[in-house]
Structure formats: structure tokens, C-alpha cells
Amino acid sequence: MDKYVIFGPQGSGKGTQSELLCKNYGFVHISLGDIFRWQMANHTKLAARITRIMNQGLLVPDEIVEEVVHARLEEHDWNWGFVLDGFPRTRPQAEFLFENWNLDAVIYLDVPDDVVEERVMKRAATLQDAGPSFTKRLDDTPEVLRVRLREYHEKTKPLIELYEEKRMLRRVDATQPVEAVFEDIIDLLKLAKPSTFA
Ligand code: AMP
């Protein structure tokens, strides 16, 4: 059973690489953002607690995140393993993870800050030009993108140090094309190369 975390800034390709790993190796993709968006679309009780926070681009409080992750992993539908995408995003969340599950590795999709900033601001400008009706996600407006980026820099990026201490960090140059990034991940995780890519 392989247990991985995939982490990196906005637009680093976490979702795409998680999907590739899961399709090719049978792991379960657990995206916290997707779980929260599902809750909001279905107007659940949890949605009432997180909607305002998410729409502002802020991080959902740790205790809520931990409840959700715990419940999700307790489903044990991950016979081959899982890829956690968008979790942990804070130090307490990371400690919660290490206390409860034995992780194999953290895949870090490395994109230099200036490239991320440029991509995010370009995206923000495009959104501004297209007008508000163009955005599908309420947390994808220019102002909110800036808040999300700030949250990443302040709370999530410093986790690199912790992962390095635990010798779990597997750094990949995520400025490369999708296929090259995926091949680097496979090599770093020492996974058998699939005969055909899904
Ligand atoms: P994402 O799609 O991964 O960018 O997540 C969208 C939003 O969900 C974030 O901006 C946060 O508001 C919330 N969220 C997702 N994962 C977490 C987490 N681990 N901790 C706190 N908030 C989170």
C-alpha cells in the first residue's frame, strides 16, 4: 500500500499528476478541495461552516479539515494506496497526518515563486478581462487568487522543512511538460513503469 502526499503551489499540476498516478497505479485520489466543493454543491451541514471561508480564499480551520480527512481515510477503499492532494496545508495538519498514518513520500511539484506569481497574476488579469460571469469557481477571482497564494506562502510552503527533516520530500521540476513531470515522479517513487500509460 502506497501512501503519498502531493504538494505545490496553485497551478503546479497537482490535480493532473494525482490523476495520472491514480489511473496508472490504482491509487485513490483524495482532493480536499474537491471534497469541500462537493459539500458546498450539495448544501451539507459542513458547507455552512466552510463556504464563506473558502470563497475568501482562506484556509478552512484545521479541526474541520482533520475531521474530513479522518472520515475519508477511514473508508478504507484504498487497497493500493492513496494520493492526498491539497492536504496538509498547515503544520498542525501535517502533524495530525504523521501521527495517524505512515506516509511513504511527499511529492513536491516545484515551480519557482516568480513563475507561480506570474501565472496566477496572468490568470487573474484574464479573469478581470472576461468579467465575473466567466469564472466557474467563486474562489478563482483575482483578489481571492492573491489571498490563496499568500496562504500558500505563509502556511503551506514552510512544510518543506518538516518533510525534508523526515527525508520524505521528493522534489520534481514542475515547469516541465506534464509527461516529463510524471516520468520524474515515477522514477523518484521507484514505481514500475506502466507498459502503456493510461
Ligand atoms: P484547492 O482546490 O485544493 O485549491 O482548495 C480550495 C480551497 O479549499 C482552499 O482555498 C481552502 O479554502 C480549502 N482547502 C482545501 N484543502 C484545505 C486544507 N488542507 N486546509 C485548509 N483549507 C483547505
Side-chain angles (χ1 to χ4, degrees), residues 3-22 27-75 82-101 103 106-111 113 115-117 119-124 126-127 135-163 168-169 174:
K3 304 187 206 68
Y4 302 116
V5 161
I6 192 156
F7 125 98
Q10 280 95 330
S12 58
K14 294 189 294 283
T16 306
Q17 296 299 332
S18 303
E19 288 293 345
L20 281 171
L21 274 170
C22 293
F27 309 139
V28 173
H29 179 200
I30 300 178
S31 155
L32 264 285
D34 285 351
I35 294 177
F36 289 147
R37 281 185 286 278
W38 184 90
Q39 298 279 340
M40 297 205 300
N42 289 282
H43 306 285
T44 64
K45 261 193 195 166
L46 179 68
R49 297 162 73 193
I50 61 171
T51 302
R52 241 168 57 95
I53 301 170
M54 267 187 75
N55 287 346
Q56 288 174 302
L58 298 168
L59 292 183
V60 171
D62 290 335
E63 54 285 8
I64 297 181
V65 175
E66 288 168 15
E67 254 173 56
V68 169
V69 169
H70 193 263
R72 181 64 191 83
L73 290 179
E74 278 303 299
E75 284 181 30
F82 57 74
V83 179
L84 283 172
D85 166 6
F87 171 87
R89 267 171 146 116
T90 64
R91 179 93 192 192
Q93 289 180 19
E95 280 162 7
F96 171 80
L97 175 65
F98 289 126
E99 276 162 23
N100 289 283
W101 293 276
L103 212 62
V106 175
I107 306 154
Y108 173 37
L109 299 182
D110 190 6
V111 182
D113 285 349
V115 177
V116 175
E117 225 113 317
R119 280 187 195 171
V120 170
M121 292 315 148
K122 226 183 237 166
R123 179 160 173 73
T126 318
L127 292 171
T135 61
K136 283 195 274 347
R137 278 173 58 169
L138 274 176
D139 63 349
D140 240 2
T141 63
E143 300 75 31
V144 176
L145 277 171
R146 283 189 189 93
V147 176
R148 288 169 60 200
L149 196 57
R150 195 191 65 212
E151 289 280 69
Y152 174 77
H153 277 118
E154 281 177 12
K155 298 176 183 153
T156 309
K157 202 175 176 199
L159 295 176
I160 288 178
E161 228 173 86
L162 176 70
Y163 300 144
M168 275 192 183
L169 198 76

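Whatever order the structure lists them in is the order used to number ligands and atoms, beginning at 1.
- In Q93, the part holding a heavy atom less than 4.0 Å from any atom of ligand 1 is the side chain.
- Heavy-atom minimum distance, L109 versus S12: CD1-O, 3.5 Å.
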Please report the C-alpha distance between M168 and F98 in whole Å, then the side-chain angles of each, then the deciding distance to 0.1 Å, and finally whether the side chain to side chain contact (heavy atoms under 4.5 Å, CB included) criterion is met. CA-CA 11 Å; M168 275 192 183; F98 289 126; 3.6 Å; yes
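- Among protein heavy atoms, the minimum distance from atom 5 (O) of ligand 1 is reached at G33 CA, 3.6 Å.
- Scanning the protein heavy atoms around atom 9 (C) of ligand 1, the nearest turns out to be R89 NH2, 4.3 Å.
- Closest to atom 12 (O) of ligand 1, if we only count protein heavy atoms, is L58 O, 2.7 Å.
- At the top of the distance list for atom 7 (C) of ligand 1, counting protein heavy atoms only, stands M54 CE, 3.6 Å.
- Looking at V106 and L159, their side chains never come closer than 4.5 Å, going by heavy atoms from C-beta outward.
- Annotation: the span from L169 atom CG to E161 atom CD amounts to 11.5 Å, rounded to 0.5 Å.
- Residue V60 has at least one nitrogen or oxygen atom sitting less than 3.5 Å from a nitrogen or oxygen atom of ligand 1, judged on distance alone.
- Near R37, meaning under 4.0 Å from any of its heavy atoms, are these atoms of ligand 1: 2 (O), 6 (C).
- Nearest heavy-atom pair across H29 and D85 is NE2-OD2, 2.9 Å.
- Residue contact check for ligand 1: V65 places a non-hydrogen atom closer than 4.0 Å to it.
- Note: an N/O pair closer than 3.5 Å links G86 and ligand 1 by distance alone.
- Closest approach of S18 and K14 over heavy atoms only: OG-O, 2.6 Å.
- Given atom 23 (C) of ligand 1, the protein heavy atom at minimum distance is F36 CE1, 3.9 Å.
- Of the protein's non-hydrogen atoms, R148 NE, 3.8 Å is the one closest to atom 10 (O) of ligand 1.
- Counting heavy atoms from C-beta outward, N100 and L73 have side chains that stay 4.5 Å or more apart.
- Ring centers of Y163 and Y108: at least 6.0 Å apart, outside the cut-off.
- Considering backbone and side-chain N/O of L59, none are found under 3.5 Å from N/O of ligand 1.
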